[in-house]
Number of protein chains: 4
Amino acid sequence: MAAQRPLSPRKRPTQRRSQATVEAILKAGARVFARRGYAGGTTNHIAEVAGVSIGTLYEYFPNKGAILVAIAQSQLDRMIAEVQHSIAEGGVDEPLADLLHRFVSTMLEVHESDPKLHRVLFGEAPHPSELHACVLQMEETLAHTIEARLSACPEVAALDADTAAHLVVQTVEALTHRFVHHGIHDLARDAFIDEVVALLGSYLTRKL
Amino acid sequence: MAAQRPLSPRKRPTQRRSQATVEAILKAGARVFARRGYAGGTTNHIAEVAGVSIGTLYEYFPNKGAILVAIAQSQLDRMIAEVQHSIAEGGVDEPLADLLHRFVSTMLEVHESDPKLHRVLFGEAPHPSELHACVLQMEETLAHTIEARLSACPEVAALDADTAAHLVVQTVEALTHRFVHHGIHDLARDAFIDEVVALLGSYLTRKL
Amino acid sequence: MAAQRPLSPRKRPTQRRSQATVEAILKAGARVFARRGYAGGTTNHIAEVAGVSIGTLYEYFPNKGAILVAIAQSQLDRMIAEVQHSIAEGGVDEPLADLLHRFVSTMLEVHESDPKLHRVLFGEAPHPSELHACVLQMEETLAHTIEARLSACPEVAALDADTAAHLVVQTVEALTHRFVHHGIHDLARDAFIDEVVALLGSYLTRKL
Amino acid sequence: MAAQRPLSPRKRPTQRRSQATVEAILKAGARVFARRGYAGGTTNHIAEVAGVSIGTLYEYFPNKGAILVAIAQSQLDRMIAEVQHSIAEGGVDEPLADLLHRFVSTMLEVHESDPKLHRVLFGEAPHPSELHACVLQMEETLAHTIEARLSACPEVAALDADTAAHLVVQTVEALTHRFVHHGIHDLARDAFIDEVVALLGSYLTRKL
DNA sequence: AATGAATGAGAGTTCATTCAT
DNA sequence: AATGAATGAACTCTCATTCAT
């Protein structure tokens, strides 16, 4: 195990060339980790794929974990952005089912965009604890977004909107992850979405 | 990365002594993996904790992965047994909520019994594909059990009982796992169970 | 910089084969360090010279520093033994000059036995702090030995025998080291010994 | 190990700015080497502390060793200057003990001025051979100075003044170095000086 | 005169696995 | 049935140095 070091990038790449280098490394890292897993993906391999010397890689990232964290962070940012964008799309008086459908679909799309990488980033362990914190924070952000939207929905009758929102996010996160990686029963993609929408819809609109 | 090899134990430990040796190794493996993760747990360390030489360990297990699989298998077997036992407990005319409550509680207990080990076995990757298959099969078994019980429940109105059962199992699996490892919102244990029961209950009894 | 680890050997080599292996490693280490210095001598090189795989080397020594310390320890032990033996040789009523002569000669011989190695062990830095402690302790031991002998010498008139003994040891240590490594003036070996004997003799027998 | 290259500075810094740059590098080098040793002090770190880019550093020094040598040279020059100044202070008919006392004190002061740096410069190895030569030459210079002064001293009765002077210098060098770095016995500073003075005084004034 | 991004050989170390005993 | 000494490929990471700008 390497000594604990800050996992934030070492240098701020100020020059144009450095910018490109950093991006090449991250892109290469994503590919290498996706293909071979975190433990199996070596820094030398990443450097090679990035077309950069190993020394250069370590110029910008203090260690292997920092590369992973940087990749994960950008994935999470993208995830949040897409979900927020997707949720904002519908009108205010849109039926709950449509809203949920869009939410689940978007989450599914995000997971599908690079399943292997996703599995490594969020399914593997052990990981730098930074990564874990990022994920938790993402879920928190998503829960807030969802809660705000649900509270504007007349159909929804939750005693504790906060808790409900968190449960919804966790459930969607977990089920889409599983669906993408090993399927659920023999459910087709659309059927899966419908089923999850039914699960969440009946929960959120249940008689108390 | 080791070459692919059969992951089943090498010898059938027919004799008493061998039995004990194998068990010692599995127990040691569980402890070591729980404490240090899969990658961090070395076979030499396992052998040492088991009070056995490294040579003996390889006499019974062809490689590191096989130890993990064996440990996982026994955990999964226990899981299935406990759930089946727990589900069988209630009477036939028992309310759905009570049944679900018992199911969720049992799953939670199983996850709580050794969270660290559980995380390594079912949260970490990469793992021998055998392990993955075992987990899928366990979920299948659980789904069957649940389905059988639900079909006897008058409240339940599912179009596709099979799919519903799978979704229920997946959801409970995923949510209890998450709850044990990093909590969900700030939900207390009991509140968590109630919430999951509500989620599943409203889904299973929804008006179609 | 490697993380701090115990520098004592890892395994007690109980079997005959291991004994030989450890000795081969120490011998190879002595040669390699002597030839290339501590920093320049690599563990891989030592293993190669020892005719042993790098893994085997690390089976017995937790890191490079431990090899150095082990080599140094044995050198120091030899040093102490030779000096004690040499000092014990003379009769009780032996003239001081003869005693000193033997002491200086012996120290010189020890330093001459493998000057390059000696320089690395006791002239280089930075070194594991263990090594420093060993050297200090050796000097302490030598000082005690010398003091005991000097106190039996009627010619010696020291106010503080303890201090005098330490100064004598330090001086001989330092001057022989320097003489061996870059000579002092153009002094021939014998002349050097005589001069040091004169230095110490006049000091120990001075009128107070 | 770097290829052997000339260790003298690359450019003559004729301009003011260059002067300042060189001095900044030397000062930074002194600090960095003192703090982290020679091997542990990196050229990048030195450049950073000097507030200069690594490229600029290599504009003035062909390699790491050259920086060390330059630092050492200036220390040695200072050493010689201080000793010469100190020796010249006393009157011609001053007692030998006073002269020696001043000499030892001055050497001690010089060693004490920056012990860490001193240890790195003159205690560590391996070093560029240039450095070794510088040290030898310094000792030669010091020996000449001492010899000249001693030959004017009626108390001194050395057969070979040259040799005696060298031995004196070597002894003082070695003992003050040791005293500063790990003490000698439990001798206080003053007591140490007195003892060394006694050692040298009795040697220089001994009956032949 | 100065920069700093890039280099890459090579360092120390680990650990799953083998096989002679 | 059991041992444990030995293996060595492969890992992460460092740092003196270069050279295009």
Side-chain angles (χ1 to χ4, degrees), chain A residues 1-3 5 11 13-18 20-22 39-40 42-45 47 52-65, chain B residues 1-3 5 11 13 15 17-18 21 39-48 52-65, chain C residues 1-3 5 11 13-18 20-22 39-47 52-65, chain D residues 1-3 5 11 13 15 17-18 21 39-48 52-65:
Chain A
M1 312 279 115
R5 300 266 229 95
K11 277 188 187 175
T14 46
Q15 303 195 357
R16 195 95 47 48
R17 182 153 57 132
S18 329
T21 301
V22 166
T42 76
T43 50
N44 277 298
H45 196 165
V52 152
S53 89
I54 182 66
T56 298
L57 184 151
Y58 277 95
E59 204 70 36
Y60 294 103
F61 297 92
N63 50 49
K64 191 177 163 180
Chain B
M1 306 287 109
R5 305 268 231 92
K11 294 184 181 177
Q15 306 198 357
R17 180 145 62 130
S18 315
T21 302
T42 74
T43 50
N44 279 291
H45 194 172
I46 293 173
E48 196 189 349
V52 152
S53 87
I54 182 65
T56 299
L57 185 151
Y58 275 91
E59 208 65 43
Y60 291 103
F61 296 90
N63 51 47
K64 192 177 166 181
Chain C
M1 308 282 113
R5 302 268 229 94
K11 278 188 188 176
T14 45
Q15 303 194 357
R16 201 110 24 59
R17 182 151 58 133
S18 329
T21 301
V22 167
T42 75
T43 49
N44 278 293
H45 196 163
I46 293 173
V52 153
S53 90
I54 183 64
T56 298
L57 185 152
Y58 278 93
E59 204 70 36
Y60 294 102
F61 298 91
N63 49 48
K64 191 178 162 180
Chain D
M1 307 285 106
R5 303 269 232 92
K11 293 183 181 178
Q15 306 197 356
R17 179 147 59 130
S18 315
T21 301
T42 74
T43 50
N44 279 290
H45 194 172
I46 293 173
E48 195 189 350
V52 154
S53 87
I54 182 64
T56 299
L57 184 151
Y58 275 91
E59 209 65 41
Y60 291 104
F61 296 91
N63 50 48
K64 192 179 168 182

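Not measured: the values here are computed from a predicted model. Below, chain A is the first sequence line, B the second, and so on; all start at residue 1.
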**Study point:** Presence of T21(A) side-chain N/O under 4.0 Å of dA5(E) phosphate oxygens OP1/OP2
**Key:** no

Check your understanding: Just checking T43(C): base, sugar-phosphate only, or nothing, at a heavy-atom cut-off of under 4.0 Å?
Key -> base

Which atoms of nucleotides 19-21 of chain F (N or O only) lie under 3.5 Å from a protein N or O atom, and what are those distances?
none

Review point. Quick one: on DNA chain E, does T42(C) or S53(A) contact a more 5' nucleotide (nearest heavy atom)?
Key: S53(A)

**Study point:** Separation of atom CD in E48(D) from atom P in dC15(F), rounded to whole Å
**Key:** 13 Å

Study note, to complete from the structure: When K64(B) and N44(A) are each assigned the nearest nucleotide of DNA chain E, the 5'-most assignment goes to N44(A)

Check your understanding: When the distance from OH of Y60(A) to C1' of dT7(E) is rounded to whole Å, what number comes out?
Key -> 12 Å

Review point. Taking both distances under 3.5 Å as the test for a Watson-Crick or G-U pair, what stems of at least three pairs does DNA chain E have?
Key: E:2-21 with F:2-21

Revision key, fill the gap. The reported gap from CG in N44(A) to NZ in K64(A) (rounded to nearest 0.5 angstrom) is 10.5 Å

Practice item. Send over the distance from F61(C) CZ to dA5(F) P, rounded to a whole Å. Key: 14 Å

Check your understanding: Going from CG on L57(D) to CG on N63(D), what distance comes out if it is rounded to the nearest 0.5 angstrom?
Key -> 10.0 Å

Study note, to complete from the structure: Across all chains, not counting sequence neighbours, the side-chain hydrogen bond (donor to acceptor under 3.5 Å, both in side chains) partners of S53(D) are T56(D)

Check your understanding: Nearest to the side chain of S18(B), which nucleotide is it out of dA5(F), dA1(F), dA6(E)?
Key -> dA1(F)

Exercise for review: Give T56(C) one of three labels, base, sugar-phosphate or nothing, depending on what nucleic acid heavy atoms sit under 4.0 Å from its own.
Suggested key: base

Check your understanding: So do Y58(C) and T43(C) actually touch side chain to side chain, heavy atoms under 4.5 Å?
Key -> yes

Check your understanding: Quick one: I46(B) CD1 to dT17(E) P, roughly how many Å, whole number?
Key -> 11 Å

Practice item. Check whether any side-chain heavy atom of V52(B) sits under 4.5 Å from a side-chain heavy atom of Y60(B), and report yes or no. Key: no

Review point. How long is the line joining CG of L57(D) and P of dT18(F), in whole Å?
Key: 12 Å

